[in-house]
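Computed from heavy atoms alone, side chains included, the values below leave out hydrogens, waters and symmetry copies.
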Amino acid sequence: MSQRYARLSASAGATLLRPVAGVCLLGALSACSIIPGGKSISAGTNGRQVPVVFDGLPQGLSGKANSALATDDAPPRSVLEARQRAGSAADTLEELLASEGYLAATVAPEMIESVDMRPRLDVSAGEMFRVTTVQMTVTGDLDDTVRADLETALKTIAPGAPARTSDIEALGDNLISKLKAGGYAFAESPAIDVLASRQDKTVELTYALQPGAFVRLGDMVGADPAFLDQKAINALQTWKRGDTYSPEKIDQLRTRLRSTGLYNAIGVEISRTPDADGFYPVTLTLAQGKLRSVGAGVTASTTDGVGADAFWERRNVTGAGDTIRIQSEVATIARNLTARYTRPNIGRFGRTFTAEAGVRDEETDAYDLQGVKVGASLSQPLNKNLTVSAGATLDATRIDELSLRSGIDARDQLTLSFPLTAIYSTVKQPLDPQAGNRAFVGVEPGVSVGDNTVGYTRILLTGSTYHKIADGPFVAAVRAELGAFVGSNSVPADRLFFAGGGGSVRGFEYQSLSPRDLNGDLIGGRSLFDLSTELRWRRSAKHGYVLFVDTGAAADSVDETFSDLRSSIGVGFRYYPGFGPIRIDIATPLDRRDGEDPVHFYISIGQSF
């Protein structure tokens, strides 16, 4: 941005000083330190060396100077190279001082006679220059409301304020932002006139503004209809024809285009020429990404066993941005194969239809289950954080419950359910949340037909929150889950609640914190509660550690659930290869009972929640 200072003015009685330089440089100096007063500085930012000594730097600028001069360069090989480096360091300090308002400052290096001689810089900062007036000139017509906003913005640099280039540049950017927010998409500022008086140590600022045309947005054009049909493209549009331009609408369009996962590159440009109605078309330049992808993952734990999963995905099947995904899982306690079809943006952005069919086979300590399931749902975001959905599922199961195995055949049941969900999330990194909140509310009314016909309602509430501690490498994370069941227990066993294991309370066997019958067999509960708290420490770019405490239980009532709570404590290691952390957790029960293992471990991809 510093090129905007290339045009400076001088008038009678004023001295034209150096251009207000160092704006781009200042951006790299914002966190640094130095020891003034003629002392040698041996270490700079991040262990780099500052190979000079100097006198006369104004108080408060030592940190920025240190970062500006710190270097990884080897010692100079000749006297000439040493002198060149000293001259470059002097120029850097002059730019720094000018950026801080010392426009008449000079920095002179002493003569260097030997490569072993540490260069000394003599600093003459002089007085700080201060702003006397801030004005603007506008070329072309301007809306009165926008002009008033600009006049208000000019007051952010008050008379008497230091003439810091960072403040001057920030005000220029703010003026352009206000013009664009007011509908002037092509607004620019070709120059900032800076008139400085050496005698008075003052600066007069004049911002030259060119608003350009007032823009009302027209149609989107330029998309490749052979790749994604125009109707699907139009569903992503963030304005109605004739709406006033705003940067937010264009940024939101880019976000929507990225969310499709269909493009390697996205270009959005406002046409400089209006159409016949005076509206400005928006041209899209899109580079098609790969349409197919495959992936795989593994998990392992002493409670849930080992497992592997894989998927194949084909995007934009019909040109409407739709997707087919086939996913399989083979694990110690479960095997499944699922096919899912997703059709986004039906009628409006975000409205998504999903159809799914799958088979599964589960073998747990509570039951063995084989099942075939088909279902469909329709989801709609109500705003950028909240999404609701409704669906229907038909699930045919054959269940052999451990508690019923004495001479009783497996039960065949057909269950029709209507799941309703609401998901709220402000988390931006799903695999490794750093901040934000997540909440899930699920209500599943249904009816199960088998030996007898029973109705039920299953309710599950989940919430998690993530907070950085003092903007440091620590993240505090908390998750809570509460489940309730209304109706007959004669439903398929997987509709009831179980606690314990990697996805619940680590440190205990899978499903072990659940109700049992008189024979000690697991039977599932009508109430669930679990709570996990973690302190996550990102020690470096590749490594991190976690300390966690889990608590939870499932029971036949809320009172029993909270009276039967069991807890565990553990530590974890995180490795960050670039796509999300690889997780290794080790947990042990508190108040361990007879028959319980002292330690359990878990390996998977992503944080535990």
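The side-chain heavy atoms of Thr387 and Thr352, taken from C-beta on, include no pair separated by under 4.5 Å. A heavy-atom distance below 4.5 Å is not found between the side chains of Glu363 and Ile333. Taking the side chain as every heavy atom from C-beta outward, Leu369 and Asp494 approach each other to under 4.5 Å. In this structure, Asp368 and Asp361 have side chains that are not in contact, with every pair of non-hydrogen atoms separated by 4.5 Å or more. You'll find the side chain of Arg325 stays beyond 4.5 Å of the side chain of Thr342, heavy atoms only. A 4.5 Å side-chain heavy-atom check between Thr332 and Asp304 finds every atom pair outside the cut-off. Using a 4.5 Å heavy-atom threshold, the side chains of Gln380 and Arg348 count as touching. Looking at heavy atoms from C-beta onward, Glu401 lies out of side-chain contact with Ile523 at the 4.5 angstrom threshold.
With a 6.0 Å radius and a threshold of 12 heavy atoms from other residues, nucleotides or ligands, Asp591 has its CG atom at or below the threshold. Summarising the local packing, CZ of Arg398 is surrounded by 12 or fewer heavy atoms from other residues, nucleotides or ligands at distances under 6.0 Å.
Judged purely by distance below 3.5 Å, without hydrogens or angles, the side chains of Ser527 and Thr561 pair a donor atom with an acceptor atom. Side-chain contact of Thr426 with Asn385: a donor-acceptor pair under 3.5 Å is absent, judged by distance alone. Ser293 and Arg315 form a side-chain donor-acceptor contact under 3.5 Å, judged by distance and modelled atom types alone. Looking at Ser608 and Glu534, their side chains do bring a donor and an acceptor atom within 3.5 Å of each other. Residues Tyr341 and Asp322 have side chains that bring a donor and an acceptor to within less than 3.5 angstrom of each other. Side chain to side chain, Ser448 and Thr415 meet the donor-acceptor criterion of an N or O pair below 3.5 Å. Side-chain polar atoms of Glu444 and Tyr456 form a donor-acceptor pair below 3.5 angstrom. Defined by atom type and a distance below 3.5 Å, a donor-acceptor pair is missing between the side-chain atoms of Thr397 and Gln413. Remark: the Tyr575 side chain and the Arg583 side chain contain no N/O donor-acceptor pair separated by less than 3.5 Å. Side-chain contact, Asp365 with Gln511: no donor N or O sits under 3.5 Å from an acceptor N or O. Side-chain atoms of Arg351 and Asn345 form no donor-acceptor pair, as typed in the model, at a separation below 3.5 Å.
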Give the intermediate values and the outcome of side-chain contact (heavy atoms from CB on, under 4.5 Å) for residues Asp530 and Leu565.
CA-CA 8 Å; Asp530 62 68; Leu565 290 177; over 6 Å; no
For this session: Begin with the C-alpha distance, continue with both residues' side-chain angles, and end with the deciding distance and a verdict on side-chain hydrogen bond (donor to acceptor under 3.5 Å, both in side chains) for Tyr466 and Ser464.
Result: CA-CA 7 Å; Tyr466 311 88; Ser464 58; 3.1 Å; yes
**OP:** Would you check, one step at a time, whether the test side-chain hydrogen bond (donor to acceptor under 3.5 Å, both in side chains) holds for Glu560 with Ser563?
**Re:** CA-CA 5 Å; Glu560 289 179 296; Ser563 63; over 6 Å; no
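The six-membered or imidazole ring of Phe485 lies away from that of Phe497, with a centre-to-centre distance of 6.0 Å or more.
A cation-pi arrangement is present between Arg536 and Phe609 under the rule of less than 6.0 angstrom and at most 45 degrees off the ring axis. For the pair Arg538 and Tyr576, the distance from NZ or CZ to the six-membered ring centre is under 6.0 Å and the angle to the ring normal is within 45 degrees. Arg574 forms no cation-pi arrangement with Tyr545, by the criterion of a distance under 6.0 Å to the ring centre and an angle within 45° of the ring axis.
No donor-acceptor distance shorter than 3.5 angstrom exists from the side chain of Arg516 to the backbone of Leu513, with no hydrogens or angles considered.
Applying side chain to side chain contact (heavy atoms under 4.5 Å, CB included) to Tyr602 and the options Thr303, Ile584, Ile586 leaves one that passes, Thr303. Between Pro419 and the options Thr393, Val443, Leu460, a side chain to side chain contact (heavy atoms under 4.5 Å, CB included) holds for only Thr393.
Here the CG atom belonging to Leu461 is positioned 10.0 Å from the CG atom belonging to Leu528, to the nearest 0.5 angstrom. Atom OG of Ser512 is separated from atom CZ of Phe498 by 11.5 Å, given to the nearest 0.5 angstrom.
A salt bridge is absent between Asp471 and Lys468: the closest approach of a Lys/Arg side-chain nitrogen to an acidic carboxylate oxygen does not fall below 4.0 angstrom.
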